[in-house]
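Here the structure comes first, spelled out in structure tokens, and everything after it is commentary.
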Amino acid sequence: MTSETRDGTPIQGSHIKETSSSFGITPEQYMLPAAQQIRMLDPEGKLIPEAAQGTSPGHEYPIPEDDALLAAYEALVVGRRVNDQNYALVRQGRLAVYPSSHGQEACQVGAALALGTGDWMFPTYRDTVATITRGVDPLEVMVSFRGDWHCGYDPLQYKIAALSTPLTTQLLHAVGVAHAAKLRGEDTVVLAMCGDGATSEGDFHEALNFAAVFEVPVVFFVQNNGYAISVPLSAQTAAPSLAHKAIGYGMAGEQVDGNDMVAVLATLRRAVDLARKNSMPLLLEAITYRMQAHTNADDDSRYRESAEVEQWKQRDPLLRMRTFLTERGVLDAEAETRISGKAEDVAAALRLAMTTEPEMNPLEIFDHVYAAPTAQLREQRAKLADELERSQEG
Amino acid sequence: MTSETRDGTPIQGSHIKETSSSFGITPEQYMLPAAQQIRMLDPEGKLIPEAAQGTSPGHEYPIPEDDALLAAYEALVVGRRVNDQNYALVRQGRLAVYPSSHGQEACQVGAALALGTGDWMFPTYRDTVATITRGVDPLEVMVSFRGDWHCGYDPLQYKIAALSTPLTTQLLHAVGVAHAAKLRGEDTVVLAMCGDGATSEGDFHEALNFAAVFEVPVVFFVQNNGYAISVPLSAQTAAPSLAHKAIGYGMAGEQVDGNDMVAVLATLRRAVDLARKNSMPLLLEAITYRMQAHTNADDDSRYRESAEVEQWKQRDPLLRMRTFLTERGVLDAEAETRISGKAEDVAAALRLAMTTEPEMNPLEIFDHVYAAPTAQLREQRAKLADELERSQEG
Amino acid sequence: MANTTTATTTAPAVTTKPTTFAAALNTAMSDAMEGDRSVCVFGEDVGTLGGVFRITDGLTQRFGADRCFDTPLAESGIAGMATGMAINGMRPVIEMQFDAFAYPALEQIFSHIAKTANRSRGRVRLPLVIRIPYGGGVGGVEHHCDSSEAYYAHTPGLKIYTPATVSDAYLMLREAIDSPDPVIFFEPKKLYWTKEAVDLSALRTQYEDAAQDESAPSAGVGAEGRAVVVREGTDVSLISYGPSVSTALKAAEAAAEDGISAEVLDLRSIVPFDDAALEATVTKTGRAVVIAEAQGFVSVAAEIVARIQERSFHSLSSPVKRVTGFDIPYPSPKLEEHHLPSVDRILDALDELQWED
Amino acid sequence: MANTTTATTTAPAVTTKPTTFAAALNTAMSDAMEGDRSVCVFGEDVGTLGGVFRITDGLTQRFGADRCFDTPLAESGIAGMATGMAINGMRPVIEMQFDAFAYPALEQIFSHIAKTANRSRGRVRLPLVIRIPYGGGVGGVEHHCDSSEAYYAHTPGLKIYTPATVSDAYLMLREAIDSPDPVIFFEPKKLYWTKEAVDLSALRTQYEDAAQDESAPSAGVGAEGRAVVVREGTDVSLISYGPSVSTALKAAEAAAEDGISAEVLDLRSIVPFDDAALEATVTKTGRAVVIAEAQGFVSVAAEIVARIQERSFHSLSSPVKRVTGFDIPYPSPKLEEHHLPSVDRILDALDELQWED
Ligand SMILES: Cc1ncc(C[n+]2csc(CCOP(=O)(O)OP(=O)(O)O)c2C)c(N)n1
Ligand SMILES: Cc1ncc(C[n+]2csc(CCOP(=O)(O)OP(=O)(O)O)c2C)c(N)n1
Ligand SMILES: [Mg+2]
Ligand SMILES: [Mg+2]
């Protein structure tokens, strides 16, 4: 009778069974997240003894090498500086809008550093720092936030999709990119990012299901920062964790302390590795916190206590990492100076760029709607051109 | 550190914790389906010893009383007759289309009989028999399949929504009906039905999540009949079972042998009970099989072996139940005669009704689009009235 | 149904203080909730936060979290749950956060909300309101400024209202909530913070008195639509709705300086459509310009042009012109001024109306 | 791009055997897959089953399950995955099972597929095709007969093709697959099993030769649209597309018996729109009737009427008429004959064209 259990379900055919058996655990044990979120640094930045890192059989993660950790720290410092510079520019009215990832930089940096150059990343509006860390010029990323109509950088060049605003839609694109690569025999891994609120959208479900059914190497990386604008996680889901959603797709889920740079990098790396090796998707939920309002247009005092924000300051990813690396002897004063100098340079370039208005040709709004503008658009373009000409004369 | 595990997740606030602790098990054990599908009758219709019924702690189900079982059998026989009569009417060209539930009648009957009169049911196009079992006149249900433009019966009178065709959309309506009732303090349970294929749609995800977050008593009842038209379950999901999807919403899931009338009724009853008592949703997956093609327009020989169909004939829900009830002494020759007589009466009424063309007033197509037809529709109605008049003259 | 044939209230304007469009909407909802326990409000961030535009501000505090509440982030879910609640006796008023973020709900809206009354032969009606902030002019980034009314207007079974004044914001939303049919209620974002001297309590009395008076002729938008002439004129008709009405009025003023007397018609409801008002103004002036923010192709503006020529062809002295957004995705904040119908562009259209004939 | 200015092929018609519309579509896909490994086909039931209309029949057998495959049952997922595959170098051709079942994909289509090229400043193009069987006349039940082209046509960034003949089914689908822009390809269900004497291999050669010949003038639908006059006439223009072209032709034949010479224009692509062809025919005849199955309000038919009056106003002897579906949800199989544009209804419209003038 046992062979009739779960009739018709294909768990036998999936990589989950192989993978879990290579860890010596059951598929269910493997798919469900470890009993605690994975954490390697305590809130003060001390390394947690291995036994207390939240791991359980099949859920152990090796600590990344020192130079990878130092590179991550550098990206953290630059990322924080970019966040804070942009925040200031918005306040000065020199930038239209900026959804800051202040407090979430460990997730941002981990996302970028876990990927190889042939891999793809699908970020949201909040993932500017991840995009920069992967190599896009900060000025290019800021193009759309300055009020231009396009995404600024070339998605194909960087293998980073345009920041996505319609929530969760991009996860399906990530699956498609991975599937195309798989069909061509390439081992591209795709990192697909979204927030906690976004997991409620239907596209989240469809993306995870498609990824699992087509066995494509997509790492779904959810930054659970506690809020979707004003709505706390408790009003978003009743699940034991967002990572638990994985099992409903026949996928492994894991939860990580998203303010612990070491754990984020370790878990993301393993996820990317497994995804690539076995051509399978995984779900990683990072517990983090949005330290600032949703955007400058938001007033977070309406829906949360400042005490809550204060509490999370104690777990600042940057400070934890600095303490850890300093005590580990990886970060010294010289390196610190070099890194903060670099961060200041990036910030200065941003400030400088924002002193001039971006150059925009109004007529270009007609040029990229189709590969070749239709007769109708050429007519409309001519009309606007005529208006512009007359207004210059007038 | 344990208290920090799964930060922000609301499992503490949900009914899951209470419910599971009342069974003396952990929430995770409660939410995940039992290791085997719940089954009370073996394929030959013999009662399976309690220890082998697939239950595990917290997943035990009492056998319904004999008269409930006899009523279920009667509905099974009528349901089967309706399915087969409609199938024949389609072949004779007297019915436009009929998605038969032949083979799935135990699920159909269980769905209707598990509910109280104040409860609601949300069926799909395949759930004619469930609708009839709940009391709708078969002729009313068949109205739309005969080619009329409306659903035939009054949804408010029977508390049965119009059969839904756009897949999975109705699950959200079910959540809304339950939520409205809850806000008014009524203890209405809503049974929301869909197929295995439908679980892939985004609305499935949104409905389960809304139900769990708003803690409304909706029983999601998935008839997993192995196929979505031609697509087998293995191409639909890689999950260990569809019931496993429950945990991602903080909900309990269970799998039942959908061709075992006793187990279907037992599990549905307990689900309805728990939902009502605790105002919480549950997910029940019934493993069954679609014995005929998707509809008369479908050719199932293109995608499945007839041997597979033959195999499932061995687990016919009606025969299993007949054997069981006969051996249990609940069903005797007299009852059998009475029941088959009733089934024949229903079939005869269907045949008779189909000998006449349904009366339709073409002008009524304008009357119910809005509560009062707009000026525009009155104009269009007048135009058609004029045409009809002229064509009668001509 | 309230008698609101004229857009301006007849209440004494003596001590009315400036009221925003947003406040009028907010008051309409709270008055409706006050009067009818089945009215409830939900959507994304509408509870504690009061909505990203603060239109639902204070409703949760006043009526409790059972009656105004946040949902998980899923628009199809919101529309689908509203459908179920309306089936079961409620009158849900739901908010879509921005125009383009209503698109995930389109299947629910097209295949169920629009069709339920019809497919149940009138037995199940869905008295629900979907509020959609729409249009541009507020410097919004991509996906935040779509004018999506055409999608809904093309779908039989939905009513489409869009107010252009503060008093209409109040009166039409009350009417939408009281409507037995589903109403898509388009709120021009750029008007949210505009102010008019409107006495909301006078409007409340006016609306509720009329609603109680069974014998009063139903002068609401009802089944006929009810456009209003917001400026009288004799030479040309400017036809618009929602965010474009104020632009049309400004253009009419500018045209007056050139000696052209433009009449301005505010459609108010797109469905039902007020053909009588449209015919009246075009018959009177013989010329028309239709103004709307949405891209023009297969748009509400196209429908208006088609109706004018079908019904008033022989009154026309020149072709009807459209001034609409271009057929492009909504452009960036820095360029939207070039995309949106402007006074200048309307004046250009007037110039082309073959006045020499 | 293939030179297909005339709808009929120039290949010798001697031994061509009757070919169905369905076979033409099927062959177009398999020819495209043959020629380009990046072309892949997916959707619900398109693999083993060959689609519920069998349009993809045999593709999996021929090209393998990597190139033609079933997906889980989720239309947004299908459209979203196609978007990603197109980003990464593929040319997906996806099938929506029925018109109304494409609605769950509308957010993906409106907010991404239509906008990706633009928001990436032309760097990321999405050469994908969404095939949608549409329209009525096949006795389908509710949700199976919508004519939804207006929703897509109103959305900038999408091209909208709809063939009305067997040879166009082949040629236009090949063109759609080769297009660098996303194409919504509307297939009139009621034509699937119609047959014409068409030699598909001649069409293949014709298409592929033209595609190779860089110097040949691009006469495909391209950026201009390319309507064709399928029947010449002098008194009135019948403008239609897709499933209504054959109805228009029948009406023209019937009108000829009454001494009215009707010209019939098949638009073929709604986007791009062929204004030149429209102006030419209306200028020639001075009268026009627009015919389409979709509900008329805010429809493609409305746009056509608007364009005619904007561009050919002074050529018109009488108002342009529309013969469309009523503004109701698509009615039942037994009543669809009363809803759909019929020859009689077109003749009635012709009668109202003020011939006495
Ligand atoms: C489909 C859709 N609906 C609504 C919105 C409006 N919106 C933008 S961000 C946001 C909250 C998202 O929360 P979450 O996913 O947790 O991400 P976070 O902003 O916290 O990073 C909402 C509702 C949107 N962008 N897209
Ligand atoms: C949104 C939507 N997409 C596609 C369809 C077409 N369709 C009708 S039934 C069906 C298969 C459904 O399979 P399943 O959910 O397993 O139910 P079953 O028919 O097996 O009872 C499909 C694809 C539809 N009705 N609605
Ligand atoms: Mg968040
Ligand atoms: Mg099925």
Side-chain angles (χ1 to χ4, degrees), chain C residues 75-76 100-111 114-115 118-119 142-143 146 148-157 270-271 273 290 294-314 316 318-322 325-331 354, chain D residues 75-76 100-111 114-115 118-119 142-143 146 148-157 270-271 273 290 294-314 316 318-322 325-331 354:
Chain C
E75 295 78 10
S76 185
F101 305 146
Y103 299 157
L106 287 178
E107 183 193 24
Q108 286 287 349
I109 296 173
F110 292 170
S111 290
K115 294 189 168 109
N118 191 64
R119 63 202 293 268
E142 53 167 1
H143 308 292
D146 285 14
S148 49
E149 65 274 21
Y151 300 134
Y152 304 89
H154 182 57
T155 308
I270 296 168
V271 180
F273 192 89
V290 180
Q295 57 274 20
F297 196 72
V298 189
S299 65
V300 172
E303 178 65 34
I304 300 170
V305 174
R307 295 185 98 74
I308 294 174
Q309 85 83 41
E310 281 165 350
R311 288 156 191 265
S312 310
F313 183 74
H314 294 291
L316 286 175
S318 76
V320 182
K321 292 245 131 201
R322 279 186 272 186
F326 294 120
D327 293 310
I328 59 171
Y330 196 87
Q354 308 170 353
Chain D
E75 295 78 10
S76 185
F101 305 145
Y103 300 157
L106 287 178
E107 183 194 23
Q108 286 287 351
I109 296 173
F110 292 171
S111 290
K115 295 189 169 110
N118 192 63
R119 65 202 291 270
E142 54 167 0
H143 308 293
D146 285 13
S148 50
E149 65 274 19
Y151 300 134
Y152 304 89
H154 182 57
T155 308
I270 296 168
V271 180
F273 192 89
V290 180
Q295 58 273 21
F297 197 72
V298 190
S299 66
V300 173
E303 178 65 33
I304 300 169
V305 174
R307 294 185 99 74
I308 294 175
Q309 84 84 40
E310 282 165 350
R311 288 157 191 264
S312 311
F313 183 74
H314 294 291
L316 287 174
S318 76
V320 182
K321 293 243 131 203
R322 279 186 272 186
F326 295 120
D327 293 310
I328 59 171
Y330 196 87
Q354 308 171 352

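Remember, it's a predicted structure, so these values are computed and weren't measured experimentally. The sequence lines fix the lettering, A, B, ..., with proteins before strands; numbering per chain opens at 1.
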I need the minimum non-hydrogen distance between [X] and [Y], along with the two atoms involved.
X: Phe313(C); Y: Pro319(D); result: CD2-CD, 3.4 Å
X: Ala302(D); Y: Ala306(C); result: O-CB, 3.8 Å
X: Ser111(D); Y: His143(C); result: O-CE1, 3.3 Å
X: Arg307(C); Y: Phe297(D); result: NH1-CD1, 3.5 Å

Name the region of [X], side chain, backbone, both or neither, that has any atom closer than 4.5 Å to a heavy atom of chain C.
X: Thr155(D); value: both
X: Gln309(D); value: both
X: Leu316(D); value: both
X: Arg119(D); value: side chain
X: Ile109(D); value: neither

Parallel, tilted or perpendicular: ring planes of Phe110(D) versus Tyr151(C), cut at 30 and 60 degrees:
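Judged by the thresholds at 30° and 60°, the geometry between Phe110(D) and Tyr151(C) is parallel.
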
Nearest 0.5 Å, please: how far is CD in Glu107(C) from CZ in Phe101(D)?
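Going from the CZ atom of Phe101(D) to the CD atom of Glu107(C) covers 8.5 Å.
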
Atom OG of Ser148(D) and atom NE2 of His154(C): how far apart are they, to the nearest 0.5 Å?
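Interatomic distance, Ser148(D) OG to His154(C) NE2, rounded to 0.5 Å: 7.5 Å.
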
For each of [options], tally heavy-atom pairs with chain C at distances under 4.5 Å, and name the one with the top tally.
options: Ala100(D), Ala105(D), Ala153(D); answer: Ala153(D)
options: Val300(D), Val305(D), Val320(D); answer: Val320(D)
options: Arg311(D), Glu75(D), Lys115(D); answer: Lys115(D)
options: Ile270(D), Ile304(D), Ile308(D); answer: Ile270(D)

For the candidates Asp146(C), Val290(C), Ile328(C), which exhibits the highest count of non-hydrogen atom pairs separated by less than 4.5 Å from chain D?
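Highest number of heavy-atom pairs under 4.5 Å: Ile328(C).
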
Looking only at heavy atoms and a cut-off of under 4.5 Å, which of Pro329(C), Ser76(C), Gly157(C) has the most pairs with chain D?
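It is Pro329(C).
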
Restricting to side-chain hydrogen bond (donor to acceptor under 3.5 Å, both in side chains), what partner residues turn up for Asn118(C), sequence neighbours left out?
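Applying side-chain hydrogen bond (donor to acceptor under 3.5 Å, both in side chains) to Asn118(C) gives none.
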
What part of Gln295(C) gets within 4.5 angstrom of chain D, counting heavy atoms only: side chain, backbone, both, or neither?
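Both the backbone and the side chain of Gln295(C) come within 4.5 Å of chain D.
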
